[in-house]
Number of protein chains: 2
Amino acid sequence: MYRKVSDSTVRRLSLYLRILEDVEDPRGTVSSEDLADQAGTTAAQVRKDLSLFGSFGKRGLGYLVPELSGRLRQILGLDREWRVALVGAGRIGAALFEYPGFRSRGFEIVAVLDHDPAKIGERWGNVTIEDVAHMEEVFAETATQILIMAVPARAVQELVDRAVAAGVRAVLNFAPAQVKVSQDVALKDVNVVMELEALSFTLSQGREGR
Amino acid sequence: MYRKVSDSTVRRLSLYLRILEDVEDPRGTVSSEDLADQAGTTAAQVRKDLSLFGSFGKRGLGYLVPELSGRLRQILGLDREWRVALVGAGRIGAALFEYPGFRSRGFEIVAVLDHDPAKIGERWGNVTIEDVAHMEEVFAETATQILIMAVPARAVQELVDRAVAAGVRAVLNFAPAQVKVSQDVALKDVNVVMELEALSFTLSQGREGR
DNA sequence: AGGTGTGAACACTTTCACAGCA
DNA sequence: TGCTGTGAAAGTGTTCACACCT
């Protein structure tokens, strides 16, 4: 639909939405400068980002908060529910499952899978932990669209390959491994150790990081 | 020490190191192309990244694995131990505390703090959960260098301000809030919802993400 | 021959500056 | 007047291509 939207732009769009959601006056307006201040960027950047998707500001006034947040939700695809499967019911999987921020954004965890016989059958909230061996059936039954991988590094590539073969087109990977997927699959990595290493680098070297 | 090293370069350096650590022949050599394949980048990129820090490859041969990994560890500041304090002993804090990948990289969690009287005094491994009210003393006693914030969004700014005033110069923030710090403090955010939103965007729009 | 190190070309992102609309 | 939307300029990061070393 839209072409050439950079990763950093998408990140900022999420941020703008979060800012709009707890602005003082939810019926009022915000200027690009207001948003920029809160987001830690520049007014020009905000306008450039938004202008990629049309022009929905009022000159001399700014942006109407309800209109802009609605538009951002639509752009980000948050005007619907996403069906998410969590693979890996260990410590990280549990913390993710409990995190309330997903559901409130429309990300519904509809399945939890694990490999460990001791965990299979256990009930978490309103889902039962399934055997990862039956991944394909579970994804079909639950109409899974997004995969969260919280398994050990050595297991992740094979499981992702199976999930992709079963039709999943978006993966959020917590395993510290470089997963290879074809171009038509969206993949994001979350790697806390890498973030710490970036801090370590900045502390060790001159001060230019952020 | 080194100037103008981009964020993406630092990220890749971490990745190169991880790749080197589980290369088949730990006494052998790797070429920039080998590394690039594993890291999902190009050989030229690998050479550019490394050349920022000197030239330690052998023409016609590649890089000696032990030498390069040692050098990368040094560049990233991983040739020492970092003393980390964890603020927030909730679900996310607990998952982070248990994660073995930190210690193996030299990040030692030397203090855990929380606000909840029910948790204060509890023992996690070899640390006792302290009252966040005593943050300054705890940081001084433990010589904390890096802060991990796993607290609710509303609490994070004030706590980071206090930590910075107490001398901390690096913060890894898990709270979904935009924390403001002065230029000389390194700050990284980990925001899983934002990553999911980026996936949602890619799924909703045309296929150009990754 | 094989593979590094690097200037130059290219691509992408951010900032500037201002025309134009409410 | 106030603030958006946007071409053009500046800045940054990536890729190319090749000289050079082993």
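As a whole-Å value, the separation of Glu33(A) CD from dT15(C) P is 14 Å. The interatomic distance linking Asp34(B) (CG) with dG3(C) (P) rounds to 8 Å, in whole Å. Between the CD atom of Glu67(B) and the C1' atom of dT4(C) there is a distance of 13 Å, given to the nearest Å. Rounded to whole Å, atom P of dC18(C) lies 14 Å from atom CZ of Arg47(A). As a whole-Å value, the separation of Leu68(A) CG from dT4(D) P is 11 Å. The nearest whole Å value for the distance from the NZ atom in Lys48(B) to the P atom in dC10(C) is 15 Å. Whole-Å rounding puts the Tyr63(B) OH to dC21(D) C1' distance at 13 Å. Between the CG atom of Asp49(A) and the C1' atom of dG5(D) there is a distance of 13 Å, rounded to whole Å.
For the 3.5 Å distance criterion, the side chains of Gln38(A) and Asp34(A) fail to qualify, holding no donor opposite an acceptor. In this model, a donor atom of one side chain and an acceptor atom of the other lie less than 3.5 Å apart for Asp161(B) and Gln157(B).
For the pair Ser32(B) and dG3(C), the criterion of a side-chain N or O lying under 4.0 Å from OP1 or OP2 is not met. Taking only side-chain nitrogens and oxygens, Ser31(B) never comes nearer than 4.0 Å to OP1 or OP2 of dG3(C). The phosphate of dT12(D) has neither OP1 nor OP2 within less than 4.0 Å of any side-chain N or O from Ser6(B). Side-chain nitrogen and oxygen atoms of Gln45(A) include none within less than 4.0 Å of the OP1 or OP2 phosphate oxygen of dT13(C).
No hydrogens or angles were tested; on distance alone, a donor-acceptor pair under 3.5 Å links the side chain of Arg59(B) to the base of dT4(C).
Nearest-nucleotide positions on DNA chain C place Gly54(B) closer to the 5' end than the other of Gly54(B) and Thr9(A). Across the interface with DNA chain D, nearest-nucleotide mapping of Ser8(B) and Ala43(A) shows Ala43(A) to be the residue nearer the 5′ end.
Between Glu81(B) and Arg105(B) there is no salt bridge, since no side-chain nitrogen of the basic residue lies less than 4.0 Å from a carboxylate oxygen of the acidic one.
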Q: Go through the steps to decide whether Asp49(B) and Gln45(B) satisfy the test side chain to side chain donor-acceptor pair (under 3.5 Å), and finish with yes or no.
A: CA-CA 6 Å; Asp49(B) 287 340; Gln45(B) 182 72 81; 3.2 Å; yes
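Residue Ala44(B) has its side chain nearest to dA17(D) when only dT12(D), dA17(C), dA17(D) are considered.
Without hydrogens or angle criteria, Arg169(A) side chain to Val164(A) main chain gives a donor-acceptor distance under 3.5 Å.
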